[in-house]
Amino acid sequence: MPEIIFWPLDVAYTIIDGVPYVEMWAITDKNERVIILDGSFRPYFYVVPREGADLETLQIKIRKLNGVKATEIVEKSFLGKKVKVIKVTCLNPNLVPNLRDTVKKFPDVDMYLEADIRFYMRYLIDNDIYPCRWYIVDATQLKGPAWEKYKVDGVYIANERPREIKKEAIPNVKILAFDIETYSKIGTPDPKRDPIIIIAVATSDGDVKLFTVNEDKDDKKIIEEFVKYIQEYNPDIIVGYNSNRFDWIYLVERAKINKVRLIVDRKGGTPHPSVYGHQSISGRANIDLLDYAEGLYEVKVKTLKNVAEYLGVMSKKERIIIPQSEIADYWDDNTKRPLLLEYAKDDVVSTLKIAELALPFIVELSRLVGLTPDQILAASVGFRVEWYLMRQAFKENELVPNRIERAHETYPGALVFEPKKGLHKNVVYMDFASMYPSIIIKYNIGPDTYVPPYEEIDRNEVWICPEFGHRFRKEPPGLYKKALSKLLSARKEIREKMKSLQEGSVEYKLLNNRQLAIKVIANATYGYAGWTGARWYMKPVAEATTAWGRQTILTAKEIAEKLGLKVYYGDTDSLFLEYDPEKIKKFEEMVESELGLDIKADRIFKAIFFTEAKKRYAGIDTNGLLEITGFEVVRGDWAEIAREVQEEILRYILENENVDGAIKYVRKVIKDLQERKIPYDKLVIWKTLSKSLEEYKARAPHITAARILEEKGYHVGPGAQIGFVITKGSGILAERAKPYQFAKYDEVDIDYYINKQIIPVALRILSAFGVTESDLKTERRQVSLTDFF
DNA sequence: GCCTTGAAGTTACCG
DNA sequence: ACCGGTAACTTCAAGGCG
């Protein structure tokens, strides 16, 4: 019988003759696309009996229910306690919700568990199968017309459960990027009104194609062409930018209007909404790269152009930029239409390039967490951590708690020390390696190791946290400890191995993405533990973690002081110390011996600047690299010109201590502003809406701008980034804000930009050197500051 | 009626 | 739909002063 070596890409299930079959869409080592069906698995859930209930009787009673295939009394552990529960196996997945509700009403039943885990995920977890890893299975090919409708090279039925094999390389995936342009004269395009005029596609095999409508703007034809193209190219991965919230929704709607069947999957179906708010396309991975961009916090305004520019796949200079509102005009104008086509092509090509760049990371995250590549980016960080934990729990025979709704609870967090303001020389930045994960591991913190106050226990058997006195069993290791130990040691091992590899080699990059994926999950675990929506949430767990964190950084600070090291600043797990190599070495040793945690020198600053404000500093390191943290420079909600000015000032100060130069520079910018020599784009202020417009109580500039957009027919909801400028006039700012698309440079209130953008960011830095507002605004200097230092 | 002050509302950052 | 700590802005109402 043939053995198939495969790499699962998408997983679902299907019912054949009343039997549920898990459907693994995969790529084989022979570069074939296959479906592996496994009908040997059934859904199940657990029933926790009430205290004193007779398990045998209860089991028999449950077994008699319609739809129950089998019951079994099993020993599991639940939040650290051994429990006997009844495993209820059902005939098929859609019977589970009713059965669990029925059983819940039995007087002897306390609760059910794990009844909300999707059938195909259940299969993956129980068989330790991860998407994007390699497996081998003995399977038989299914022949006949029924299987030929699938867009694959073969459909197989597994004769056994797949086994993982050691194989690393990502198979040769076929990627298709697409992007649509619509003909909309006003506001947000409306699929009921506005046809699609261009569908652009680009593939990883190098094909770029534009499907365009004729003069009648009848998009039926191009949608059909697009569908045909997808079917013929048969991609494994389809990518778009904002495609889950826009392109797919639009296409589905236009297809419906035009009575076109949008068959783009491998099964004869259309895109359909799925668990994490994304669109699912059976047999393929549909990935929205906007979800990837959400993780690129350096990119403030998440347009495709900005992301492409940031990732270096296509610079803004080499591409045509057309405002969304002008697309229809470009289409109508015969001389401009070629530019629009060029624009559409640039968009789809950059989308493809971003996908190629992001894919190795997406694959690593998917194979670590166990969600499919289309789900992994769409799922929020909390759910990614949770799926990782659920996999670990299964391996440890731990039951997964139900998701319950809890009101938000607060608890104290990290310590931030008062910075020593001014410019300092020779400062070392030190931080604890993975502080919260290390603390959780060290003190075995977790909901399953927690000992409640009423429980008596020998104090030698528990770790007791500072401030609150929460107690955690030293043994056995809890779920968090086990999961985090595994993550940290795996990451350490990978980073060790990377040292022996050529930077830039295929293997190096693969391992780098792997360690990054691990880092993301490990770093989010503490946050997960304090999230009231988490299955494994428990307030004392979060409280204890930060309490030990505070103790840790405070102790480290005291050790530094005892050694006579100046402490300039510190936040959560870091300290900025005077750089005295010998004392620093001693400091590292003492911290290690007193706390059992690693603190190490990360970077040495030739000069570093603090104001009185916490969480804000700027320094220049021994490599001449500028580091700017917290200041307006790194904030997306200041005009670009203000950010640029502040960065330049910091350069003057940190590189040459040139206060006079900085002052002259600011005056020059103010003059340029007054002469309107500064590009309009640099005056735009961006803010993100956090809720729908009706929910706002306050008046504020960005809200006004958003309301104007809404009036003009744009849909602006939570998450929308609003770009606005402040115009001249007499009222409050909120009355003078206008969306940047609808304001003229002439109307812009230059005084606002000088007084409320440039001056404040400049003084934030320069006032530490005695510079005043009038120094920046007038040509006269009251006192020379050259000798300030 | 004008000016100051502080609270409330809001956003985006740090680690 | 991951945490708390923090800076900073705009608006607005209350309080002080005359």
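Chain identifiers are assigned alphabetically (A, B, ...) following the order of the sequence lines, protein sequences preceding nucleic acid strands; residue numbering begins at 1 within each chain. Values below: every heavy atom of this structure, side chains too, minus hydrogens, waters and symmetry copies.
- In this structure, the ring pair (Phe, Tyr, Trp, His ring centres under 6.0 Å) partners of A:F576, at least two apart in sequence or on a different chain, are A:Y429, A:Y569, A:F610, A:Y617.
- Residue contacts shown for A:E386 are absent, as no nucleic acid heavy atom lies under 4.0 Å away.
- For DNA chain C, the contact window with chain A, defined by any atom under 4.0 Å from a protein heavy atom, covers C:dA1 to C:dC12 in 5' to 3' order.
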>> Walk along nucleotides 3-11 of chain B from 5' to 3' and tag each nucleotide B, S or - by protein heavy-atom contact under 4.0 Å, base first, then sugar-phosphate.
In response: ------SSB
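- Note: A:Y443 and A:W463 have perpendicular aromatic rings, judged against thresholds of 30 and 60 degrees for the angle between ring planes.
- Listed by first residue number, the stems of DNA chain B with at least three Watson-Crick or G-U pairs below 3.5 Å are B:1-15 with C:3-17.
- Using the six-membered ring where Trp is involved, A:F472 and A:W548 have ring planes that are tilted, between 30° and 60° apart.
- Using a 4.5 Å cut-off on side-chain heavy atoms (C-beta onward), A:Y568 and A:I608 make no contact.
- Across all strands, A:Y297 comes closer than 4.0 Å to no nucleic acid atom at all (heavy-atom distances).
- At a threshold of 4.0 angstrom between heavy atoms, the contacts of A:A734 are confined to the sugar-phosphate backbone, with no base atom among them.
- Comparing A:A524 and A:L415 by the nucleotide of DNA chain C that holds the closest heavy atom to each, the one mapping nearer the 5' end is A:A524.
- Contacts between residues 608-617 of chain A and DNA chain B, defined by a heavy-atom separation below 4.0 Å, involve A:K615, A:Y617, listed by number.
- Among residues two or more places apart in sequence or in another chain, the ring pair (Phe, Tyr, Trp, His ring centres under 6.0 Å) test is passed with A:Y310 by none.
- Side-chain contact annotation: A:Q279 with A:H272, donor-acceptor N/O pair under 3.5 Å absent.
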